[in-house]
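We count residues from 1, following the sequence as given.
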Amino acid sequence: MKSHGSDMARREFLKGMAALGFLSVAQPRQAFAESSDALASQIPTRPFGQTGYTVSILALGGMFDIPNNQLLLRRALQMGVTYWDTADCYEGGRSEQGIGLFLATHPDVRKKIFLVTKSDARDPAGMTSLLKRSLERMQTDYIDLYFIHGLRNIKELTDDVKAWATRAKKEGKIRLFGFSTHANMAENLAAAAQLGWIDGIMFSYNFRTMHDDAMKRAVQACAAAGIGLTAMKTQGGGPVTPDRDKERNLAAHFLARGFTPEQAKLKAVWADPQIASICSQMPNLKILNANIAAAMDRINLTEADRAVLARYAEMTATTYCAGCAARCEQASGLPVNDVMRCIMYERVYGMRDWARHEFERLSPRVRRRLSKRSLAVAERFCTNGLPIRALVAEAVRKWESSSSCG
């Protein structure tokens, strides 16, 4: 039997979603007024580790055409999505430029924004150059959190990088330093917790990966070390699309609960208090509003909900690349994880141009090897049993031919 409290919570959540424009259902005038009042407050915040900073639990991912989506930034700020994430390479630099346009137009809001950008360089000279360019693009004097972008191995964090970060902080150009990682996440987090100078980490973390024992230990170690943690890729999509029956069954369960499967996946991550924020790709107002609604409502996942997600994760494991690149890449000597990530961007996010761009960043020599070398050994080492050979072959046929022509 449902409790009166859970029924009320569900009704309030549905009101909130409708007020945000996510549900196209008619609401009585009184109910709309009540939900509007409820939504006058902003989304919750959490401490960013032990850094002394507090961030919104929902962060705006910057991989979209920000210069032409200024209204979206305004809406995000209005609702309290004040953690903004970008990188020097997003949209060929237009992401940072779009943020700069907004900050130049609204200079008074800079102090409200927790601004994050990333460096593709690893050497001090390259990082200095990219940081200077990022500051100029975004028309700001400082970055709140500066990341090494896409760390694959903790050895990339050399003593020179540490000295650079210390100097950049003293000069007031950055306030915090850390890295993002899509590969070997558990190993990188566990090692970072021992360094003593990493302030923040953004890593792939979702209803699939959060139950892995090594990942749980690594997250706990980082939390104990005071590192601020941001989850990304929280929808847990992979290079292979699950069959429609499994998708429909998942949707049916959570829609009956009053929210979408996408919102449920966000809630699963927010249930971990060690995670300060979720960085979500929100290129339009519909997704932004839906995620805001999920962040603001008071309905928590039940044990039954978590069990449904766990069963779904188990049934669709062969569709998802868990990012344990050390296994397949050491076995094959090729950047298998990078190719899986490119395919994921195209199939999950519909970012065809970005996926092709990322694939073309692989050297011509590596791309030739991908097209010729057998990946059977990498496939044998894949913990999830992904059809690596077929996926890589498809990527090579699609993107190698286009890059050769262009």
Side-chain angles (χ1 to χ4, degrees), residues 48-53 62 85-90 92-93 95-96 114-138 140-204 218-219 221-230 232 276 279 323-326 329-330 333-335 337-338 341 358 361-363 365-366:
F48 193 68
Q50 297 174 21
T51 65
Y53 290 85
D85 173 86
T86 184
D88 61 72
C89 62
Y90 288 174
S95 176
E96 289 186 334
F114 185 79
L115 186 59
V116 179
T117 194
K118 312 180 190 75
S119 168
D120 281 312
R122 302 294 193 265
D123 62 295
M127 293 168 67
T128 297
S129 176
L130 291 182
L131 175 58
K132 181 177 183 292
R133 188 175 68 179
S134 292
L135 292 170
E136 291 171 351
R137 283 174 173 172
M138 294 192 285
T140 184
D141 296 327
Y142 66 97
I143 303 299
D144 293 286
L145 174 57
Y146 198 62
F147 278 146
I148 291 287
H149 193 184
L151 188 88
R152 297 178 66 85
N153 191 303
I154 201 68
K155 293 179 180 179
E156 297 171 52
L157 299 179
T158 63
D159 290 340
D160 286 343
V161 171
K162 178 182 178 181
W164 182 93
T166 300
R167 184 170 61 254
K169 288 181 182 180
K170 287 182 178 178
E171 293 172 352
K173 295 179 181 178
I174 69 172
R175 294 184 172 177
L176 303 173
F177 182 81
F179 62 87
S180 66
T181 179
H182 311 87
N184 307 315
M185 284 85 67
E187 295 87 344
N188 288 332
L189 266 67
Q194 304 300 316
L195 292 179
W197 55 277
I198 298 300
D199 302 305
I201 302 172
M202 178 183 290
F203 62 110
S204 299
V219 168
C222 285
I227 298 173
L229 298 176
T230 304
M232 63 175 169
C279 184
C324 44
E329 294 186 352
Q330 286 180 5
L334 291 169
N337 184 75
D338 289 342
R341 186 165 165 251
E358 288 295 287
R361 291 180 68 183
L362 300 174
S363 72
R365 177 176 175 271
V366 166

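Applying the side-chain hydrogen bond (donor to acceptor under 3.5 Å, both in side chains) test to D120 and every residue at least two apart in sequence or in another chain returns H149. Every residue two or more places apart in sequence or in another chain was checked for a side-chain hydrogen bond (donor to acceptor under 3.5 Å, both in side chains) with R133, and none qualifies. For F179, there are no ring pair (Phe, Tyr, Trp, His ring centres under 6.0 Å) partners at least two apart in sequence or on another chain.
With contacts defined as side-chain heavy-atom distances shorter than 4.5 Å, the pair F48/L229 does not qualify. A 4.5 Å side-chain heavy-atom check between L145 and F114 finds at least one atom pair inside the cut-off. Counting heavy atoms from C-beta outward, Y90 and D85 have side chains that approach closer than 4.5 Å. D338 places a side-chain heavy atom less than 4.5 Å from the side chain of L362. Two residues are said to be in side-chain contact when any heavy atoms from C-beta on lie closer than 4.5 Å; V366 and P335 meet this criterion.
For residues 174-194, the pairs satisfying salt bridge (charged side-chain N to carboxylate O under 4.0 Å, His left out) are D144-R175, with sequence neighbours left out. A side-chain hydrogen bond (donor to acceptor under 3.5 Å, both in side chains) check over residues 192-202, counting only residues at least two apart or in different chains, returns the pairs K169-D199. Residue pairs satisfying the salt bridge (charged side-chain N to carboxylate O under 4.0 Å, His left out) criterion with at least one member in residues 154-165, sequence neighbours excluded, are listed as follows: R122-E156.
When every heavy atom of R152 is checked against every heavy atom of N188, the shortest pair comes out as O-ND2, 3.5 Å.
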